[in-house]
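Heads up: the structure comes next, in structure tokens.
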Amino acid sequence: MKKTKHILTLIIVVFSICISTLSAQEKPEENEYEIGGKMTIYPKVDWLKGTPVTEFKKDSIYIVDLWATWCKPCIALMPHLSRLSTQFKGKIDFIAQDVLEDNKEKVVAFMKKEGINWDLKAAYGGDKNSDFHKNWVVPAGVFSIPQTFVIQNNKLVWQTYPSDLNEEILQLLVDGKFTVEKAQAIVAKNKAAH
């Protein structure tokens, strides 16, 4: 009986060690495109308007909106983002990041005609072989646009739609009081009011 008890205890100890080892090995890598993920480098893009961004600076706020010339909802929301950019100039950097297009000339022509009035930095991200696509679109799991990423203090703090952004939410960012829960409550309140 004692021998069986010792063998059973030994089996439990070995099993526990195996489980602990497997758990440590299966720990997922940190995904920068999950809320709280560290964001430091801006992938290589062709800047079309504004001062290029190559990295996310520590005490700064960035709104990166993914769009394309073929995306009607994206284009319809650009004046909204432009107004917010004007209102928060010097406090938040707004970037209109073109994605999922392989015709840079088309994007440049569009920017000269339509985007010239946007108070936004603008960049061309390229096709599926581009640095931006490989290092942002794919790891972030972007399957549709528009999509907006909010980065503060080198961390992704929110992934949303540009229509969800407003003065109240952006002021929370500027004041250092932003949480996803507060932002979602404001979005819900605004949707209920309309």
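As the structure is a computational prediction, the values presented were derived from the model and not from experiment.
- Here N117 contributes atom CG and M78 contributes atom CE; the two are 13.5 Å apart, rounded to the nearest 0.5 Å.
- Between the side chain of N135 and the backbone N or O of D131 there is at least one donor-acceptor pair closer than 3.5 Å.
- Annotation: F149 is not in aromatic contact with W158 [ring centroid separation under 6.0 Å not met].
- In this structure, I169 is a member of the same hydrophobic cluster as I35, with clusters built from ILVMFWY side-chain heavy atoms closer than 4.5 Å.
- Closest of all the heavy-atom pairs between W136 and P43 is CE3-CD, 3.8 Å.
- W47 and A122 get closest at one heavy-atom pair: CE3-O, 3.5 Å.
- K89 NZ: more than 12 foreign heavy atoms inside a 6.0 Å radius.
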Evaluation steps, side chain to side chain contact (heavy atoms under 4.5 Å, CB included), between K191 and D164
CA-CA 9 Å; K191 286 182 180 175; D164 289 344; 3.8 Å; yes

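- The distance from atom CD of Q171 to atom NZ of K177, rounded to the nearest 0.5 Å, is 9.0 Å.
- Between the side chain of S130 and the backbone N or O of G125, at least one donor-acceptor pair lies under 3.5 Å.
- Panel note: side chain Q159, backbone V150; no donor-acceptor pair is recorded below 3.5 Å.
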Distance-only donor-acceptor hits, side chain of residues 48-58, under 3.5 Å, sequence neighbours excluded:
unit_1	atom_1	unit_2	atom_2	d
K49	NZ	G115	O	3.1
K49	NZ	I116	O	3.2
K49	NZ	W118	O	2.1

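- Atom CG of L77 and atom CG of D65 lie 7.5 Å apart (nearest 0.5 Å).
- The side-chain contact (heavy atoms from CB on, under 4.5 Å) search around I41 returns none, not counting sequence neighbours.
- To the nearest 0.5 Å, atom CG of residue L100 and atom NE2 of residue H133 are 6.5 Å apart.
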Report the C-alpha separation of L156 and E34 in whole Å, then their side-chain angles, then the decisive distance to 0.1 Å, and conclude whether the side chain to side chain contact (heavy atoms under 4.5 Å, CB included) test is met.
CA-CA 7 Å; L156 177 64; E34 290 178 4; 5.9 Å; no

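- Side-chain atoms of E105 and Y124 form no donor-acceptor pair, as typed in the model, at a separation below 3.5 Å.
- The minimum heavy-atom distance linking F178 with V157 is given by the pair CE2-O, 3.6 Å.
- Here K189 pairs with E168 in a salt bridge; the nearest charged N to carboxylate O distance falls below 4.0 Å.
- Contact of the I145 side chain with the V99 side chain is registered, since non-hydrogen atoms from C-beta on lie closer than 4.5 Å.
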Go through I75 and W67 one step at a time and tell me if the side chain to side chain contact (heavy atoms under 4.5 Å, CB included) criterion holds.
CA-CA 8 Å; I75 304 305; W67 71 284; 3.6 Å; yes

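- In the hydrophobic clustering of this structure, V142 does not group with Y161; members are Ile, Leu, Val, Met, Phe, Trp, Tyr whose side-chain heavy atoms approach within less than 4.5 Å, directly or through other members.
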Check step by step if side chain to side chain contact (heavy atoms under 4.5 Å, CB included) holds for I95 and I63.
CA-CA 6 Å; I95 302 167; I63 306 292; over 6 Å; no

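- Side-chain atoms of D127 do not come within 3.5 Å of backbone N or O of D102 as any donor-acceptor pair.
- Residues Y62 and I92 are not in side-chain contact: their nearest non-hydrogen atoms beyond the backbone lie 4.5 Å or more apart.
- Between the side chains of E101 and T69, at least one donor N or O lies within less than 3.5 Å of an accepting N or O.
- Rounding to the nearest 0.5 Å places CG of N103 at 14.0 Å from CH2 of W70.
- Considering all non-hydrogen atoms of both residues, H80 and L165 come closest at NE2-O, 2.8 Å.
- Side-chain atoms of V64 and L66, non-hydrogen and from C-beta on, do get closer than 4.5 Å to each other.
- Put simply, the side chain of F88 does not reach to within 4.5 Å of the side chain of R83, judged on heavy atoms.
- Under the 3.5 Å distance criterion, the side-chain polar atoms of N154 are left unmatched by any main-chain donor or acceptor of T40.
- Here the CG-CD1 distance, from L170 to I61, works out to 8.0 Å after rounding to the nearest 0.5 Å.
- Between the side chains of S82 and D119, not a single donor N or O lies within less than 3.5 Å of an accepting N or O.
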